[in-house]
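Only one structure is covered here, and it is reproduced in the block below.
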2 protein chains.
Amino acid sequence: MKMSDVAKLANVSPATVSRVLSHPELVSTETRQKVLDVINQVNYKPHIVARQFRTKETKIILVVVPDITSAFFSKVLRGIEHVAVNHGYQVILGDTENDIEREKEYINLLLQKQADGMVLLTARLNKANLEEISNHFPMVLACEYIDGLNIPTVSIDNISSARKATEHLIKLGHTKIAHITGTINVILSRDRMRGYQQAMMSHDLDIDSAYIQEGDFSFESGYNQMLKLLALENPPTAVFAFNDDMAMGAIKAVKDSGLKCPEDLAVVGFDNIKMSSFHEPKLTTIDQPKYEIGKKAMEMLIKLINKESIHKKKIVMKDELIIRESCSSESKVRESLEVI
Amino acid sequence: MKMSDVAKLANVSPATVSRVLSHPELVSTETRQKVLDVINQVNYKPHIVARQFRTKETKIILVVVPDITSAFFSKVLRGIEHVAVNHGYQVILGDTENDIEREKEYINLLLQKQADGMVLLTARLNKANLEEISNHFPMVLACEYIDGLNIPTVSIDNISSARKATEHLIKLGHTKIAHITGTINVILSRDRMRGYQQAMMSHDLDIDSAYIQEGDFSFESGYNQMLKLLALENPPTAVFAFNDDMAMGAIKAVKDSGLKCPEDLAVVGFDNIKMSSFHEPKLTTIDQPKYEIGKKAMEMLIKLINKESIHKKKIVMKDELIIRESCSSESKVRESLEVI
DNA sequence: CTGAAAGCGCTTACAG
DNA sequence: CTGAAAGCGCTTACAG
């Protein structure tokens, strides 16, 4: 059943059927009703690919995520989705599983016009390439970004957030502070590490090079890296983890080693995912405005698609340090260790 | 830049360019090279939507998931993805967030031919509707299914698995066994509840109606429902939870109530997600072959798309009870309670 | 092995 | 307000 068949049944031209579907206000009430009746009667569904081909619009937004199972990204996703749906766009998801090749494949979908635009929640491809693409296709970066690139971006200031997290530990009296990073090929990992280093240096604290351990964002890697830190001859009294998942993994390692958090080891996370307030102990962490990041990113993308101008190409959202239970002061740590 | 432009530059017809791209073996080596040179030189990318429109194929598989953040579904997804990619299909994801309306929207993508086929990891629409669709479009159900429907399906036998889980508790001497269900509009919730009831009844055990509490698959709901169960005048000594997430939530509630798992309360989960072996205590649970379910489902879908015949429309995969630490025998529970 | 031509199912500028 | 007609960019059956 195609449009011309519907047209025949309704005694109108295909053009009229098309108008009833896409611009009903251009058709008289009478004709419109006649056509709609036929459409319902035969349960006609327009062939969307034909429409897309004709109009050069897909009404689809592709969102590329490094890991769909992450509680952090799924919140960002919600923000994107809500705005998209409000503007008549459908969201489809590309999960890269942190694989740069799959990132490429999804970007190809955009190049081949299978989506009207794209939000990248991961940006690990080379700079020149990405900038080139963004010059020709609507694209915005959220969370991850690429330095010195003229692509619209929404994120927090990861360096200053990480500095703030680390300084919280320093204020509590800790001096032996370790950092579990994300995979270091990701810019956010390098940013948060830099923030950590800035805080340490500006307080004249040494960073034992063994105090920096590279994780891969997962609970397990937080666990494993923490075990390494605890095995050190001179173990840290506090740890700042790249994200809450690894922070919780680290705490698990602390517990499994017969130690206690925060009494024996203070831990700060990052992201403020839902679980962090259920966890034992409740996590001290940096809150990112996840939903709002997604929302803003999608709003920018829609402007790009509509070729409206964007006054601000880079949006930096506000973070917040959430103090809960996973950090106590260094003196307490000392006491606790002395008891042992 | 379109195909005809490339053709001109290479001094061939558009048909030849098309063949170089889609059926290179039909073109002489010489001509092929000439065309490829031009393609590379001008960086020509075929317009995929035009191709899709012409061939009626999208090479896209739509997978509809009730909750992308679930560790269980993401494993199934991996199985689907790997098979899909091996057969030249791209996978896009539709996340319904357990919303039946969004399930409909994604199914519409299929009806409108924006995907060659679809794997539904959630099937909550009405029966007749779904059967009708599956008669005209390649579709397979995985995990969730609909009873009495002739749609290809891959799943475990949820009833018998749930019975097995409950019987494990019974064998340990428990008689006061509660069940935290999933949302009851989902068939899997009803199946696992039935398995629970079968086990209880076949051992002549009463089911206090307050022992059945409806959760919504989330950690939080497991937590909240467990709190209700513990508040009962005659609380259970064991709980079978619909999934591992709720089982962990339940255990958290036990701990927060000053009790211990398994000493004061035995808990069995379902799914055997990764976290269940990291959890404290390690979860006793039912293992589903998640990756294999996805794999099998996708293999069936590809056969459907290619109009090959399928000998078995329903595939029932094997489950396994994994015994770990979260259940001890009822006698121990009794002792522990007597101490209090 | 290659080309000319038809056609996939819509939408829209144009004319009336 | 409505219709006739062109055309979006490919692919493929057919002919040579």
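In what follows, chains are A, B, ... by sequence order, proteins preceding strands, each numbered from 1.
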Side-chain contact check for A/H23: nearest option of D/dG9, C/dT12, D/dT11 is C/dT12

Paired stems touching DNA chain D, three or more consecutive Watson-Crick or G-U pairs with both distances under 3.5 Å?
-> C:1-3 with D:14-16, C:5-12 with D:5-12, C:14-16 with D:1-3

Option passing side-chain contact (heavy atoms from CB on, under 4.5 Å) with A/V64 (candidates A/V119, A/L121, A/L120) | A/L120

Closest to the A/T55 side chain: C/dT11, C/dG9, D/dC10?
-> C/dT11

Would you kindly compare B/F53 and B/V12 by the position of their nearest DNA chain C nucleotide and give the one closer to the 5′ end?
-> B/V12

Minimal heavy-atom distance between A/I187 and A/D147, with the atoms involved, is CD1-N, 4.0 Å

Does B/N306 use its side chain to pair, donor to acceptor, with the backbone of B/E308 at less than 3.5 Å?
-> no

Closest approach of A/P138 to A/D116 (non-hydrogen atoms, all atoms of both residues) = CG-O, 3.3 Å

Using a heavy-atom cut-off of under 4.0 Å over every strand shown, decide if B/L26 touches base, sugar-phosphate, or nothing.
-> base

Can you spot which of B/V20, B/V17, B/V27, B/V38 makes a side-chain contact (heavy atoms from CB on, under 4.5 Å) with B/V12?
-> B/V17

Between A/P14 and B/R54, name the one whose nearest nucleotide on DNA chain C is closer to the 5' end.
-> B/R54

Counting just side-chain N and O atoms, does A/S22 come under 4.0 Å of either OP1 or OP2 of C/dT11?
-> yes

Do B/R19 and C/dG3 share a donor-acceptor pair, side chain to base, under 3.5 Å?
-> yes

Does B/Y44 put a side-chain nitrogen or oxygen below 4.0 Å from OP1 or OP2 of D/dC10?
-> yes

Nearest of C/dT2, C/dC10, D/dT2 to any side-chain atom of B/T16?
-> C/dT2

Where B/T96 and B/P66 come nearest, the two heavy atoms and their spacing | OG1-CA, 3.2 Å

Could you measure between the two P atoms, the one in C/dC14 and the one in C/dC10, and give it in whole Å?
-> 24 Å

When we call it a touch if two heavy atoms are under 4.0 Å apart, what does A/V49 touch: a base, just sugar-phosphate, or nothing?
-> nothing

Atom C1', compared across D/dG16 and D/dT12: separation rounded to whole Å = 16 Å

Rounded to the nearest Å, what distance is computed from the NZ atom of residue A/K56 to the P atom of nucleotide D/dG9?
-> 4 Å

Assess the side chains of A/N135 and A/E131: does a donor N or O sit below 3.5 Å from an acceptor N or O?
-> no

In whole angstrom, give the distance that lies between atom NZ of B/K2 and atom C1' of D/dG7.
-> 9 Å

The nucleotide from C/dC10, D/dG3, D/dC10 with an atom nearest the side chain of B/M3 is D/dC10

With a non-hydrogen cut-off below 4.0 angstrom, is B/S4 in contact with a base, only sugar-phosphate, or nothing?
-> nothing

When rounded to whole Å, the CD to C1' distance for the pair A/E25 and C/dT12 reads 14 Å

Ion pair A/E292/A/K295, N-O distance below 4.0 Å | no

Rounded to whole Å, CG of A/D5 lies from P of C/dC8 at a distance of 11 Å

Round to a whole Å and report the spacing from NZ of A/K113 to C1' of D/dC10.
-> 13 Å

Take the protein atom CG of A/N11 and the nucleotide atom P of D/dA4, then report the distance between them rounded to whole Å.
-> 12 Å

Quick one: is A/S28 getting a side-chain N or O under 4.0 Å of the D/dT2 phosphate, OP1 or OP2?
-> yes

CD of B/Q52 versus P of C/dG7: gap in Å, rounded?
-> 23 Å

Atom pair distance, as rounded to whole Å: CG in B/L21 and C1' in D/dT12 | 15 Å

